[in-house]
Protein chains: 2
Amino acid sequence: MSPSTSSNPPLIRDAALRLFAEPGGARASVRDIATAAGVSPALIIRHFGSMEGLREAVDAHVATQIGALLEHIASDPAGAIDPHSSASFADAATRLFGDDSPLPRYLLRSLVDGGDRGAALVELVTRSSVEAWQSMIDAGAVSPGPDPRARAALVAMIDLAALALREPLGSLLGADPLTGEGAERWTAEVARMLARTSPHGASAGSEHEGNPHD
Amino acid sequence: MSPSTSSNPPLIRDAALRLFAEPGGARASVRDIATAAGVSPALIIRHFGSMEGLREAVDAHVATQIGALLEHIASDPAGAIDPHSSASFADAATRLFGDDSPLPRYLLRSLVDGGDRGAALVELVTRSSVEAWQSMIDAGAVSPGPDPRARAALVAMIDLAALALREPLGSLLGADPLTGEGAERWTAEVARMLARTSPHGASAGSEHEGNPHD
DNA sequence: GGTCACAGTAAACATTTGTTTACACTGGCC
DNA sequence: GGCCAGTGTAAACAAATGTTTACTGTGACC
């Protein structure tokens, strides 16, 4: 029997997060998770009370982690879509999500299986997007359009999709939309589309997309 | 014992589709589905061979159904985003998805749990979007932009999100994005954003969004 | 009427599941 | 050293799972 260690609860929680985020992960058993974490099934129950308790702990942790990214973006709202500071979002996303993070896939899991807690997590993301968008409207940087709510919804959807639909989007883009060059290209393209709504943007009209990084 | 009926296999398949699409539905048991379909668990195994066989049958059916919508849109590519024919997409979506269709939620399920079959279904949707977008580029109606692949990816994501993220999008929009007024508003807003990329669109420049439905 | 293919089901079966129980170990404190 | 709280585990437990088996009923055909 190994010595006692206080690192086991987070270890278990993280193993669960990884498994739950995978295809078929909703059917991961207490024994699957115990094996992945290198502990006994009974220890999971001891620390978290039940499988439901474990799921709650994972959800709470994910909310904290994703909240960190949103906090970062909220400190620089333009950073999310401004082509000149797109590196800021890309850097933050790379740092938080790396190449192998289960968080975006877990967000997707929350969308389909999360019930009330999943809906709350998704709302965390979309509310942050909508607030950032409103800040930019207030600053006069963008236009709310004839149907302001629809436009805000579109902006929020684009943000949510970049996280939750990371994999199909990555296939389409030919690069990971949350890290490195892929993140820069994605945010640049989103910025171009939204820059179209600037009240005083390009004055030449319809299509003026020379070189956004110069 | 009831009389024999050839309607039981589709009845079972549809009950399974509904259950699988719900939160927690990945854990739906053969007994849950049997109860929902009003048959015995053993009948499901008799007709589909196994639970895996049932899942395959559901996937095949969903691919057929979603293919029907894409076929409709492919016959009128502009219909997906042109504000003047947005009613065409809205009508088709309403007819296919109604108020209560499990298909969009099942697509979301496929994204997270579908493995290869899920990826194939998602590709069905995104390929169709990309092809429609390319048709519009070829027709000179829109511009590919400085990063054509990123722009096509953005268009495809918007389409995929409207289906798979129907519920959070509906909350943001304040209406269902796949039926009725909500579908019209959503497609109108998407059209406005994408019309911005027209090579010879509005010549007044930055923000010219008078009244798109007049 | 008898035979056959097919559909449908209850019961049984072997395995898996989440959880509980009983025990051992560790380290800190007196 | 003894006691205690906390950690960790193997085994046991009751329930649930997907599937198989054995049987019945139906309708078509001869």
Side-chain angles (χ1 to χ4, degrees), chain A residues 1-61 106 109-110 112-115 117-118, chain B residues 1-61 106 109-110 112-115 117-118:
Chain A
M1 192 174 333
S2 304
S4 170
T5 172
S6 65
S7 64
N8 273 329
L11 197 74
I12 293 165
R13 183 201 62 214
D14 290 349
L17 169 54
R18 256 178 270 115
L19 285 183
F20 290 153
E22 288 179 1
R27 297 192 74 95
S29 68
V30 65
R31 286 169 177 80
D32 293 331
I33 294 161
T35 300
V39 300
S40 72
L43 190 61
I44 293 173
I45 305 301
R46 169 173 277 282
H47 279 303
F48 297 97
S50 63
M51 281 294 280
E52 181 59 27
L54 175 60
R55 279 189 282 265
E56 286 168 9
V58 169
D59 279 344
H61 176 68
Y106 191 82
R109 168 69 65 200
S110 297
V112 61
D113 282 331
R117 284 197 311 265
Chain B
M1 195 172 337
S2 304
S4 168
T5 171
S6 66
S7 64
N8 272 329
L11 197 73
I12 292 164
R13 182 201 63 213
D14 290 348
L17 169 54
R18 256 178 270 117
L19 285 183
F20 290 152
E22 289 180 0
R27 299 191 74 95
S29 69
V30 64
R31 287 169 176 79
D32 293 331
I33 294 161
T35 300
V39 300
S40 72
L43 190 62
I44 293 173
I45 305 301
R46 167 171 281 281
H47 280 304
F48 298 96
S50 63
M51 281 294 279
E52 182 58 27
L54 174 61
R55 278 189 283 268
E56 287 168 9
V58 170
D59 279 344
H61 176 68
Y106 192 82
R109 167 67 65 199
S110 296
V112 61
D113 281 331
R117 284 199 310 267

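Chain identifiers are assigned alphabetically (A, B, ...) following the order of the sequence lines, protein sequences preceding nucleic acid strands; residue numbering begins at 1 within each chain.
- If you check residues 49-59 of chain B against DNA chain D, the residues with a heavy atom closer than 4.0 Å are B:S50, B:M51, listed by number.
- In terms of position along DNA chain D, the nucleotide closest to A:G38 lies nearer the 5' end than the nucleotide closest to the other residue of the pair A:G38 and A:R27.
- For A:S40, no side-chain nitrogen or oxygen approaches OP1 or OP2 of D:dG8 to under 4.0 Å.
- Listed nucleotides: C:dT9, C:dT19, D:dG8. Nearest to the side chain of A:H47: D:dG8.
- In this structure, the CD1 atom of A:I33 is 14 Å from the C1' atom of C:dT19, given to the nearest Å.
- Note that the CE atom of B:M51 and the CD atom of B:E56 stand 12.0 Å from one another [nearest 0.5 Å].
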What nitrogen or oxygen pairs link the protein and nucleotides 11-15 of chain C at under 3.5 Å?
none

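- Computed from coordinates, the A:F48 CZ to D:dG8 P distance equals 11 Å when rounded to whole Å.
- Distance CZ (A:R46) to P (C:dC23): 15 Å, rounded to an integer number of Å.
- Here A:I33 contributes atom CD1 and A:D14 contributes atom CG; the two are 12.0 Å apart, rounded to the nearest 0.5 Å.
- Between A:D113 and B:G25, the shortest heavy-atom contact is OD1-N, 4.0 Å.
- Inter-residue side-chain proximity for A:V58 and A:Y106 is flagged as met; some heavy-atom pair is nearer than 4.5 Å.
- Atom-to-atom, CD1 of B:I12 to P of C:dG8 comes out at 7 Å; the value is rounded to the nearest Å.
- Regarding contacts with the backbone of D:dT7, every side-chain N or O of A:N8 stays at 4.0 angstrom or more from both OP1 and OP2.
- B:I45 has its CD1 atom 13 Å from the P atom of D:dT17, to the nearest Å.
- B:L19 and B:A28 get closest at one heavy-atom pair: CB-CB, 4.2 Å.
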A:D32/A:S29 under side-chain hydrogen bond (donor to acceptor under 3.5 Å, both in side chains): CA gap, chis, key distance, verdict: CA-CA 5 Å; A:D32 293 331; A:S29 68; 3.2 Å; yes
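- Remark: A:R55 engages A:E52 in a salt bridge (Lys or Arg N to Asp or Glu O under 4.0 Å) (not counting sequence neighbours).
- OP1 or OP2 of D:dT17 has at least one side-chain nitrogen or oxygen of B:S29 nearer than 4.0 Å.
- Distance, B:L43 CG to C:dG8 P: 5 Å, rounded to whole Å.
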